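Single-structure report; data block below.
Within every chain, numbering begins at 1; the chains are lettered A, B, ... in the order of the sequence lines, protein sequences first and strands thereafter. Since the model is a prediction, treat every value here as computed from it, not as a measurement.
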There are 2 protein chains.
Amino acid sequence: MTKAGKTVLIVDDEAPIREMIAVALEMAGYECIEAASAQEAHSHIVDHKPDMVLLDWMLPGTSGVEFARRLKRDDLTAEMPIIMLTAKGEEDNKVQGLEAGADDYITKPFSPRELVARLKAVLRRATPQGIEEPIEVSGLMLDPVCHRVTSNSKPVEIGPTEYRLLQFFMTHQERAYSRAQLLDQVWGGNVYVEERTVDVHIRRLRKALGEAHEHLIQTVRGTGYRFSTKAS
Amino acid sequence: MTKAGKTVLIVDDEAPIREMIAVALEMAGYECIEAASAQEAHSHIVDHKPDMVLLDWMLPGTSGVEFARRLKRDDLTAEMPIIMLTAKGEEDNKVQGLEAGADDYITKPFSPRELVARLKAVLRRATPQGIEEPIEVSGLMLDPVCHRVTSNSKPVEIGPTEYRLLQFFMTHQERAYSRAQLLDQVWGGNVYVEERTVDVHIRRLRKALGEAHEHLIQTVRGTGYRFSTKAS
DNA sequence: CATAGTCGTCACGCAAGTGTCACATTCCTG
DNA sequence: CAGGAATGTGACACTTGCGTGACGACTATG
C-alpha cells in the first residue's frame with residue numbers, strides 16, 4: 001500500500017482511555033501519539049505533525065474547546081482535522097465544539113468501529129490537496145472539483161457510487177483489487193454488502209463509460225478488477 | 001472449494017446458539033470449532049490454532065471479557081482477532097470489551113449475513129498482505145500487486161492456476177519439485193487431483209510463456225520440474 | 001402522493017478455466 | 001536397438017466465475 005498509515009494524536013487526560021483508543025486505531029492501521037494535556041499535545045503537534053487530532057472535551061488546564069480554537073486560529077494547524085470526544089449527556093456541547101472548529105464529535109461510549117469509521121470520513125474530507133486536481137487518462141477525465149466525468153469531452157452520467165468507484169480506480173491505476181478491497185475502499189469499510197454487488201457497479205460503470213473507455217476497467221479473473229491503460 | 005477456509009472458534013455456553021452460528025459460518029465456507037467455556041476454548045486454541053475467535057460476553061466461570069484479556073496478554077494469541085457477542089442494550093459493555101482487546105462487537109440478535117460480513121472484515125484486517133515486490137527473471141516479470149505477468153514487456157495471458165504455479169516457481173528458483181510437492185504448494189494441500197494434472201498445467205504455462213521463456217521451466221525426468229535460468 | 005433516480009440482490013446463461021483421459025513422443029536401460 | 005517408463009500434447013466434459021437484465025426497497029424531489 002502506498003499510503004503510509006496516517007498519524008493520529010490522542011489528547012485525553014485519562015491514560016486507560018487513551019490506551020484503549022490507541023489500540024483500536026492501531027488495529028485499523030493508524031499511527032498513534034498520546035498526550036495527556038494541551039501543552040503536551042502542542043509540543044507533539046510541532047514535533048510529529050500528526051494528520052489529525054482526537055480531542056477530549058474535558059482537559060485539565062486548557063479545556064478541549066479552547067485548545068481546538070487555538071489550533072484553528074494558527075495558520076499552521078488550521079487545516080488539521082479535529083474530532084472531539086464528549087461524555088454522554090453533554091450533548092449541548094456539540095454546538096460549542098463544532099463552533100470551536102471541530103470537524104466531528106463522538107459521544108462516549110463509542111464502539112471502535114464507529115470511531116474508525118468517523119475518523120476515516122473526516123480524514124477523507126480533510127485532504128483537499130491533490131484530490132482537487134482533475135485526473136485524465138486517454139481522453140477520460142474526472143474532475144473532483146466539478147464532480148464531473150467526461151469521456152472525450154462528452155459528459156458521462158453516473159451515480160454517486162460509480163463516481164467514487166471510478167475515482168478510486170483512477171487514483172489507483174494498474175493495481176488489481178479484490179471485491180473485498182473495493183468494498184473497503186469505495187463503500188467504506190463499515191458497510192456490509194454482498195461481494196457480487198461490486199460486479200454490478202462495475203457493469204454500470206463500464207456501460208456509462210461506453211465503448212471508448214470501458215476497456216480501462218479490466219477483469220482479473222479469480223481475483224477482482226483493475227484499472228489500466230495497458231492491454232490485458 | 002479450492003480456497004482453504006479459515007477456522008473460527010465459537011465460544012458460547014448455549015449450545016443452540018453455537019450451532020446456529022456454526023451453520024451460518026460453514027455455509028459461508030468457514031471451518032468451525034465450538035467451545036462451551038473458557039477452559040474448553042483454551043484447549044481448542046492450543047490444539048487447532050483457529051484464525052479467530054467468536055466470544056460470547058457472558059460465560060460461566062471465566063467471563064468473556066476476562067478471557068479476551070487473557071488471550072491478548074499471551075504472546076501466542078495476542079494477534080488472534082476477537083469478535084465479541086453481546087446482548088442487546090448493554091452498550092456500555094462496548095468500552096469494557098474494547099479495553100479487553102476485542103476487534104469488533106456484534107449485538108444479539110444479529111443476522112447471519114451481518115455476522116459473516118463483519119467476520120470477513122476483521123479477518124481481512126488481521127491478515128495484512130505483505131509488501132509484495134515484482135519478481136523479474138531475464139525479461140520475464142511477475143507483478144503480484146497488479147496481478148500481471150509480462151514477457152519482455154508484453155502481457156502474458158494465463159489462468160489463475162498457471163499464475164500461482166509461475167509465482168511459486170519464481171519465488172523458488174533453481175530447485176526441483178515433485179508433482180506431489182507442487183500440488184501441495186500451488187493447489188493447496190488437501191485437494192485430491194491426479195499428479196499428471198501438474199504436467200498439463202506445466203504445459204499450459206510453457207505455452208503461455210512462449211518461446212522466449214518456456215525454457216525456464218525445466219523437466220527433471222523421474223522427479224518433477226524446476227524453474228531455472230541456467231541451461232539444463 | 002407520485003415520480004424518478006439509485007442501490008443492493010438475485011437468477012440465468014455464457015465463456016473461461018480445470019481436471020482427466022488417450023495417444024504421441026522422448027528418454028533411459030539392458 | 002528394442003521395450004518400457006516417463007513426459008508432451010491435444011481433446012473433452014465438467015465446474016466455476018463473471019456479465020447481464022430485472023426487480024423491489026429506499027430516497028429525494030416536486
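Contact annotation: the side chain of V186(A) never approaches that of Y163(A) to less than 4.5 Å [non-hydrogen atoms, C-beta and beyond].
Applying the ring-ring contact (aromatic ring centres under 6.0 Å, His included) test to pairs two or more places apart or on separate chains, none has a residue in residues 206-232 of chain A.
Rotation axes derived from the C1' atoms of the five outermost pairs at either end of the helix from dC1(C)-dG30(D) to dG30(C)-dC1(D) lie 30° apart, to the nearest 10°.
At the heavy-atom level, E157(A) lies nowhere under 4.0 Å from the strands shown.
A close approach under 4.0 Å does not occur between any side-chain nitrogen or oxygen of T219(B) and OP1 or OP2 of dT7(D). Within the structure, every side-chain polar atom (N or O) of Y163(B) is placed at least 4.0 Å from both OP1 and OP2 of dT18(C). Close to dC7(C), at under 4.0 Å from its OP1 or OP2, lies a side-chain N or O of T161(A). Side-chain nitrogen and oxygen atoms of W187(A) include at least one within less than 4.0 Å of the OP1 or OP2 phosphate oxygen of dG8(C). Distances shown here put every side-chain N or O of R204(B) at or beyond 4.0 Å from the OP1 or OP2 atom of dG8(D).
Using a 4.0 Å cutoff on non-hydrogen atoms, the parts of residues 192-200 of chain B near DNA chain C are V193(B), E194(B), T197(B), V200(B), ordered by number.
One atom, CD1 of I202(A), and another, P of dG8(C), lie 13 Å apart when rounded to the nearest Å. The interatomic distance linking L183(A) (CG) with dG8(C) (C1') rounds to 11 Å, in whole Å. Here dT6(C) presents its P atom at 13 Å from NZ of K207(A), a figure rounded to the nearest Å. Rounded to whole Å, the distance from CD1 on I158(A) to P on dG5(C) is 16 Å. Residue E214(B) contributes atom CD, which lies 11 Å from atom P of dG8(D) at whole-angstrom precision. The nearest whole Å value for the distance from the CD atom in Q218(B) to the C1' atom in dT7(D) is 15 Å. Straight-line distance from the CZ atom of R221(B) to the P atom of dA6(D): 8 Å, rounded to whole Å. What separates CG of L165(A) from C1' of dT6(C) is a distance of 15 Å, to the nearest Å.
Listed by chain and number, the residues in a side-chain hydrogen bond (donor to acceptor under 3.5 Å, both in side chains) with S228(B) are E174(B) (sequence neighbours excluded). Legend: residues meeting side-chain contact (heavy atoms from CB on, under 4.5 Å) with T171(A), ordered by chain and number and at least two apart, are I135(A). By the side-chain contact (heavy atoms from CB on, under 4.5 Å) test, A36(B) is found to be paired with R18(B), E40(B), residues two or more places apart in sequence or in another chain being considered. Listed by chain and residue number, H201(A) satisfy the side-chain hydrogen bond (donor to acceptor under 3.5 Å, both in side chains) test with E162(A) (two or more places apart in sequence, or in another chain). Under the side-chain hydrogen bond (donor to acceptor under 3.5 Å, both in side chains) criterion, E194(A) pairs with R113(B), not counting sequence neighbours. Annotation: side-chain contact (heavy atoms from CB on, under 4.5 Å) contacts of T223(A) (sequence neighbours excluded): V220(A), H147(B).
No donor-acceptor pair closer than 3.5 Å links the side chain of Q173(B) to the backbone N or O of R226(B).
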